[in-house]
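The structure appears below as structure tokens.
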Amino acid sequence: MLHHVIRPAEDRDLTAITDIYNEAVIRGGASADLEPVSLDARRAWVDSHEPRAKYPVVVIDVIDETTGERTTAGFGSLSKFHTRAGYDGVTELSYYIAGRYHGRGLGTAMVRWLLDAAVERGFRHAAAIIYADNAGSVALMRKFGFTRFGLLPAAVTTAGSDEPHDMSYWCKKL
């Protein structure tokens with residue numbers, strides 16, 4: 001695993017968050033956006049996480065052990081699962097890791113951080129919605145004890161493909 005730190009996202013991180021997200025959009029299979037999004041659209045997404053103390057947006061920085069230089073390699077968040085107040089005990093987690101860092105333990109670190117943050121904030125359940133053919137994210141859900149509770153067949157397309165993908169719904173009691 002790479003030496004890393006997870007910290008609250010700041011305004012200066014917005015470009016990296018947008019670039020990492022857009023890379024995932026272009027690659028396909030991780031976002032239902034079909035076109036890259038603007039910096040303003042990502043800013044609106046970050047700003048929608050209110051109150052931030054309950055719904056954090058964080059980045060994961062990789063630290064070069066020789067130079068100490070930091071590179072933002074991914075981001076994650078806890079979001080409202082639903083707008084109706086009865087669902088306030090459930091949070092949706094999401095995370096994106098830059099492609100060059102896939103398979104290096106950063107997704108595991110991010111999901112672990114998000115689950116710990118969800119427990120600290122008093123959530124009863126964590127949920128995630130994942131492309132059913134996204135093997136890396138499905139493996140992470142299983143690794144952390146999530147249960148797949150639903151499948152929406154042929155529900156969503158992805159950038160560069162008209163072929164619809166199944167969406168899988170995952171939940172973990174905290």
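As the structure is a computational prediction, the values presented were derived from the model and not from experiment.
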List the residues meeting side chain to side chain donor-acceptor pair (under 3.5 Å) with Trp45, not counting sequence neighbours, and say none if there are none.
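Not a single residue meets the side chain to side chain donor-acceptor pair (under 3.5 Å) criterion with Trp45.
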
Minimum-distance pair of heavy atoms, taken over all atoms of [X] and [Y]:
X      : Y      : value
Ile20  : Ala73  : CD1-C, 3.8 Å
Ala132 : Leu151 : CB-CD1, 3.8 Å
Ser94  : Leu114 : O-CD1, 3.6 Å

Set of residues satisfying side chain to side chain contact (heavy atoms under 4.5 Å, CB included) with respect to [X], sequence neighbours excluded:
X     : result
Glu35 : none
Thr18 : Leu14, Asn22, Leu39, Arg42
Ser38 : Asp40, Ala41
Ile63 : His3, Val5, Arg70

At what distance, to the nearest 0.5 angstrom, does CG of Leu174 lie from CD of Glu120?
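Between atom CG of Leu174 and atom CD of Glu120 there are 11.5 Å.
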
Check for a donor-acceptor pair, side chain of [X] on one end and backbone N or O of [Y] on the other, with a separation under 3.5 Å.
X      : Y      : value
His102 : Ile97  : yes
Tyr21  : Phe75  : no
Lys172 : Phe144 : yes
Asp64  : Glu69  : no
Ser168 : Ile130 : yes

Those residues that, when tested against [X], pass salt bridge (Lys or Arg N to Asp or Glu O under 4.0 Å) (two or more places apart):
X      : value
Glu10  : Arg12
Arg142 : none
Arg121 : none

In the single-linkage hydrophobic clustering (I, L, V, M, F, W, Y; side-chain heavy atoms under 4.5 Å), do [X] and [Y] co-cluster?
X      : Y      : result
Met141 : Tyr96  : no
Val119 : Leu93  : yes
Ile6   : Leu115 : yes
Leu106 : Trp113 : yes
Val111 : Trp170 : yes

In terms of side-chain heavy atoms, does His4 have a donor or acceptor partner in Asp61 at a distance below 3.5 Å?
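No, no side-chain donor-acceptor pair sits under 3.5 Å.
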
Please check if any side-chain donor atom of Ser77 sits under 3.5 Å from a side-chain acceptor atom of Tyr95, or the reverse.
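No.
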
Would you list the pairs meeting side-chain hydrogen bond (donor to acceptor under 3.5 Å, both in side chains) in which at least one residue belongs to residues 84-93, sequence neighbours left out?
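Qualifying pairs: none.
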
In a table with atom names and distances, give each donor-acceptor pair under 3.5 Å that connects a side chain of residues 52-59 to protein atoms at least two apart or in another chain.
from, atom 1, to, atom 2, distance (Å)
Arg52, NE, His49, O, 3.2
Arg52, NH2, Val46, O, 3.0

For Thr108 and Lys143: C-alpha separation, side-chain torsions, deciding distance, then whether side chain to side chain contact (heavy atoms under 4.5 Å, CB included) applies.
CA-CA 9 Å; Thr108 296; Lys143 178 179 185 170; 3.4 Å; yes

As a quick check of understanding, evaluate side chain to side chain contact (heavy atoms under 4.5 Å, CB included) for Val90 and Phe123, giving each step before the final call.
CA-CA 6 Å; Val90 182; Phe123 289 107; 5.8 Å; no

Would Ile60 and Thr72 count as a side chain to side chain contact (heavy atoms under 4.5 Å, CB included) here? Give the steps.
CA-CA 6 Å; Ile60 186 165; Thr72 299; over 6 Å; no

Audit row: Thr147, Cys171, side chain to side chain contact (heavy atoms under 4.5 Å, CB included) steps and yes/no:
CA-CA 5 Å; Thr147 300; Cys171 184; 5.7 Å; no

Does any part of the side chain of Arg100, heavy atoms only, come nearer than 4.5 Å to the side chain of Thr71, both counted from C-beta?
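Side-chain contact under 4.5 Å: yes.
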
Are His165 and Thr158 close enough that some pair of their side-chain heavy atoms sits under 4.5 Å apart?
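The answer is yes; the side chains approach within 4.5 Å.
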
Partner residues of Phe146 under the ring-ring contact (aromatic ring centres under 6.0 Å, His included) criterion, sequence neighbours left out
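Partners of Phe146 under the ring-ring contact (aromatic ring centres under 6.0 Å, His included) test: none.
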
Side chain to side chain contact (heavy atoms under 4.5 Å, CB included) partner of Asp13, the single match among Ile17, Thr15, Asp11:
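Of Ile17, Thr15, Asp11, side chain to side chain contact (heavy atoms under 4.5 Å, CB included) with Asp13 is met by Ile17 alone.
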
Connected hydrophobic set around Tyr131, excluding itself, where side chains approach under 4.5 Å:
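Ile129, Phe149, Leu152, Val156, Met167, Tyr169, all in the cluster of Tyr131.
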
